[in-house]
Novice: 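Handing you this structure, nothing more for now.
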Amino acid sequence: MTDTSEKIRSLFLTALMVFSVFAGTIAFSGGAAAAGANVSVEQAAEYDSGTVELALNGSTGDAVDSGNITVFIDGNENPSNYGVDSVVADGTNERLEFTLDQDVQPNRNLTVKVTNLNGGAVVAEDIDVTSNTITTTKTNDTEINAFRGEVIAVKNDTANTSDNSPSIEVDGDSIVLSDSYADNSQVYTVDTSDLDTGEDYTISVANNDEAVVSISDLSLQVNIDDDVGDGANIDDTDTLAVNVSTNRGGEPANATLFDEDDDKVETIVKNLQGNDNAVFDFGNQSADDSPYYVEVTDNQTGVSAESDQINVSESDDGDASFETSTVQDELGDVANITVQMSNTEDAVINVGSQEDDNYYIQGQLTDEDGDGEVTVQFNSYTAGTDNNNTVLSVPGDDDLDDVDEGGSFTDSRANLGEDGLEPQSYSINVSAGTSPDVTSPDTVGTLRLNENSVENINTWAAPSDAEIDDDDVDIYDRIGVNLTQSDDLAAEDVVVHEIQASGIEGALEYEQEDGSASDATEAFVAATDTTPDRINSSDTTTSGLRLYVNRTDVGANADADPINFTNSSDAVTVVDDPDNNSYFVAVDTSDVTFESGDTIVDEEDTRLNATFSVRDGPLTDDRNSDSAIYTTSERDATLNLDDSGVVTVSAAAGQEVSGTTNVAPGTELEVEMESESEANPFVLRPEVEVATDGTYTAMADFSDYSAGTNFTVQTIDVDDISDQEAFSDEEDGRIVEAGTATVSISEQESTGSEVVVDSAQLSDGGFIAIHAGNASGDVVGNSEYLGAGSHEDVTIMLDEPMDEDFTAVAMPHRDTNGNEAYDFPDADGPYTSNDTAVTDSANVTIVEEQTEAPDTETETEAPDTETETEEQTEETTTMDSGTDEVETTEQTGPGFTAALALIALVAAALLAVRRDN
């Protein structure tokens, strides 16, 4: 039954598809005959890259030449590049064929007019324009790919008379088209709109397979662009735009905007971008012609898609305001003024006043990204220099136009080196719209420019290979990793001067916007005077910023020896954080040279003074400065030794060798351990990283080596510019028998604040750590240092009280660094047996802490109560059933009641089973 229905449904759909394709073919053919003409156009098609065929219902009599043919493309008569190149068939045999100078794309409308036909003319309108042509050869030797919706031409050279109009079929799993060529036509057009994507179709002519066509989906999508406009319902101040996507990029498409009367408003041609959106922006549209829609046609294939309806309404009165009525910043910085817009994309902003401030700047704002706000950046350092593009700007996709700066201050400030704006309050106002003549602004506010200052300088140490300006790592995320505050550094490390100062941002932004600086480092070097002159020199940059780093330990009666940054420009890296008035100036001490020619690397110890100042100039009338003093010393490291003066390790895994160093935390080192025994040779070089406290601990596996083996130990400076040289003394080491330990813990009750370990034996002393859950769980407490030997009933206080039952795992640890302080995991690894940590575990039950009842002198007697016994009643009944009398006893009481309840439950269960059955 189902098969029959499916078959009927399949036949019905096939019939519909055949009718649709056949009907479409009929619709493409046709034309009009003018008065006086004896012929008319029965079918017309453009194919094979610019060839046009008109199938006529009769002979033209006289031959048609190119001068009798007029071509119209999209209604334009004889457009350039579309002239008639040659006439192939002159119409005398009831068929007119001619070629054009170039191909007509499927998205174009083609009309042809032929004149001088016995005094008349014929016009063929809306000619089928095909995207691909198959030429018959009586063999199936052609395979083409087509996008669903393309029109394909099938050319048969023998179909030129009414007696020879061969049949044509399009066959998929079943025949979907069966027809014949029109009389006097050699061209048949196949519209693929009704074919299924992902299928292959065979085209046959006169029962000969000619080609296989694979149908794909162009996936042309037209969606209203919510990012550029406001979706399907916008007003006449919003942007009307659509996003167009397709699975094939690089080809042009036409997007045409139509109004409510289906009249064309505007057409935009743009290349599509594959799976990325191409935005077709039609700007603002009038509400009078709403609703609108956009039709997009792929030029190469003629495939079209249409957007949903877009409704445009008249906008309410626009309004503009400030996010914050008072904006504060320091003179020399860049103030961010956020303008919020409602029912408008345009606003005019004014900063300052000619009347009150002798200075003003005005700009026209456009909210291009449609988020309802525009952030305006006002550079108070460049204000008044008539350098409009650096004074007022907007970031992102928004626009700023028609900037006008003026006032007596602007007229008098000739360059950046002259006095800048006064630190005071400046009026700001904003109005919706585009009129520069703002007499009644929507909103007024205040820009408060405070005096700038240099607050302080801090110094930090970083490893010599640290990339401080790496964009993938925030400068603040480096703190505690490879950036440590310090005023005592190792030579060749990087010293980072954290300058906390306001009023610098504008000068650095100017160098990047108007100067040649490409980043914060180049901008800082260009804006700041770093020449090795005396600190009190009057020479300075235009901005008045100055960084001076000099060596102070030069002895009595000698001049300071400053760093020559001119010869050390590669040593400087700057990371700026203007929002927090912080500027990190990193100097690689291995690359700097003093004015004397000496280097930090050449000196064992140096003492330096770094001073940053804002001198008298455009930013201030007074000098502001702060200094930081720090030292550098030769790189070194010291290994930790035991009481006998050697590095002792056990013949086991997880052995620790530690030390201290003055190089920056985060620096990578290697600890080299080399055997002195030919019978037991090894070289181990585990990598370590210096911790924040200047210590380092290397882990090594000595389980494969024999106790009693001697070796040497030294620390290798991987980052040393002298190619990984040792910078600690070479020390002696010895492998001893692996330390042993046992531990025992039993199940117990606890208030949650402590646990008790029954016993432990530690061959080398150490600690007992308590892990929660399992040996890999968190350490929740540890014992005090325990000496070598046996220990019993060791009470261990937990770091935080436990509030529920848990499994306590007791794990003995060695005191590897000998400081009798539990330092795991940086040091003090666990005792092991067969390369596994020694442990024992037990369940700990948490109980409430018992409180002792208060003593009372008076005992209170409980009142006498009658003891209630079970009441039992016996009722004897005689049952006459023809048998012996049966005496039953009715009983009540707790036991009997429970029995009755049990019987009731059993009965209920049996009844349920019966009902189920």
Side-chain angles (χ1 to χ4, degrees), residues 224-241 279 281-292 310-329 334-357 359-380 388 391-407 425-449:
I224 301 170
D225 192 342
D226 292 327
D227 293 332
V228 177
D230 292 330
N233 297 290
I234 61 177
D235 61 42
D236 53 14
T237 65
D238 292 322
T239 296
L240 190 156
V279 179
D281 187 341
F282 294 94
N284 308 123
Q285 297 298 325
S286 169
D288 297 337
D289 298 322
S290 179
Y292 297 85
I310 306 172
N311 302 306
V312 179
S313 61
E314 291 186 1
S315 64
D316 297 328
D317 292 337
D319 180 70
S321 60
F322 294 117
E323 182 181 55
T324 304
S325 60
T326 300
V327 178
Q328 293 200 58
D329 218 321
V334 178
N336 292 317
I337 307 170
T338 301
V339 175
Q340 296 178 326
M341 302 181 190
S342 175
N343 299 319
T344 183
E345 293 180 345
D346 303 301
V348 176
I349 186 173
N350 284 275
V351 177
S353 164
Q354 168 62 47
E355 180 179 350
D356 298 330
D357 307 317
Y359 170 78
Y360 70 87
I361 189 168
Q362 181 187 81
Q364 172 67 56
L365 308 177
T366 303
D367 179 20
E368 285 290 352
D369 60 14
D371 63 354
E373 65 180 34
V374 176
T375 298
V376 181
Q377 297 181 330
F378 175 73
N379 190 334
S380 59
N388 296 343
V391 179
L392 215 60
S393 61
V394 296
D397 297 327
D398 296 327
D399 277 346
L400 171 69
D401 297 304
D402 302 328
V403 177
D404 178 36
E405 188 178 33
S425 293
Y426 293 84
S427 62
I428 55 176
N429 65 66
V430 64
S431 296
T434 58
S435 174
D437 184 15
V438 180
T439 56
S440 300
D442 293 346
T443 306
V444 297
T446 300
L447 170 61
R448 176 64 187 174
L449 294 179

Novice: From Glu373 CD over to Leu365 CG, what is the distance, rounded to the nearest 0.5 angstrom?
Specialist: 12.0 Å
Novice: When you compare the side chain of Val444 with that of Ser427, does any pair of heavy atoms fall below 4.5 Å?
Specialist: no
Novice: Just to verify, which of Asp367, Asp346, Leu400 counts as forming a side chain to side chain contact (heavy atoms under 4.5 Å, CB included) with Val374?
Specialist: Asp367
Novice: What distance separates Tyr426 OH from Tyr359 OH, expressed to the nearest 0.5 Å?
Specialist: 9.0 Å
Novice: When you measure from the side chain of Ser286 to the backbone N and O of Asp288, does any donor-acceptor pair fall under 3.5 Å?
Specialist: yes
Novice: Which pair of non-hydrogen atoms, one from Ser431 and one from Pro441, has the smallest distance, and what is that distance?
Specialist: OG-CA, 2.8 Å
Novice: Using every non-hydrogen atom in the two residues, find where Val348 and Ser435 come nearest and quote the distance to one decimal.
Specialist: CG2-O, 3.5 Å
Novice: With rounding to the nearest 0.5 angstrom, report the OG to CD1 distance, Ser290 to Ile234.
Specialist: 8.5 Å
Novice: Find the distance between CG (Leu392) and CD (Glu405) and round it off to the nearest 0.5 Å.
Specialist: 8.5 Å
Novice: Would a 4.5 Å heavy-atom cut-off, applied to side chains only, mark Phe322 and Ile349 as touching?
Specialist: yes
Novice: State, to 0.1 Å, how close Ile428 and Ile337 come at their nearest heavy-atom pair, and which atoms those are.
Specialist: CD1-CG2, 4.2 Å
Novice: Is the closest side-chain heavy-atom distance between Phe378 and Asp329 below 4.5 Å?
Specialist: no
Novice: Under the rule for side chain to side chain contact (heavy atoms under 4.5 Å, CB included), what residues qualify as partners of Gln377, not counting sequence neighbours?
Specialist: Val334, Asn336, Ser393, Pro395, Glu509
Novice: For a quick test of reading the model, state the closest non-hydrogen atom pair linking Leu240 to Gln285 and the distance between them.
Specialist: CD1-CG, 3.9 Å
Novice: What distance do Thr446 atom OG1 and Asn429 atom CG have between them, rounded to the nearest 0.5 Å?
Specialist: 10.5 Å
Novice: Closest heavy-atom contact between Asp236 and Glu314?
Specialist: OD2-CA, 3.7 Å
Novice: Nearest 0.5 Å, what's the CG-CD distance between Asp399 and Glu368?
Specialist: 4.5 Å
Novice: Would you say the side-chain atoms of Asp369 pair up with the backbone N or O of Asp371, donor to acceptor, closer than 3.5 Å?
Specialist: yes
Novice: More than 12 heavy atoms of other residues, nucleotides or ligands under 6.0 Å from CD of Glu323: yes or no?
Specialist: yes
Novice: How close do Met341 and Ala347 get, counting heavy atoms only, and between which atoms?
Specialist: CE-CB, 3.7 Å
Novice: With side chains defined as the heavy atoms from C-beta onward, is the minimum distance between Asn343 and Asp319 less than 4.5 Å?
Specialist: no
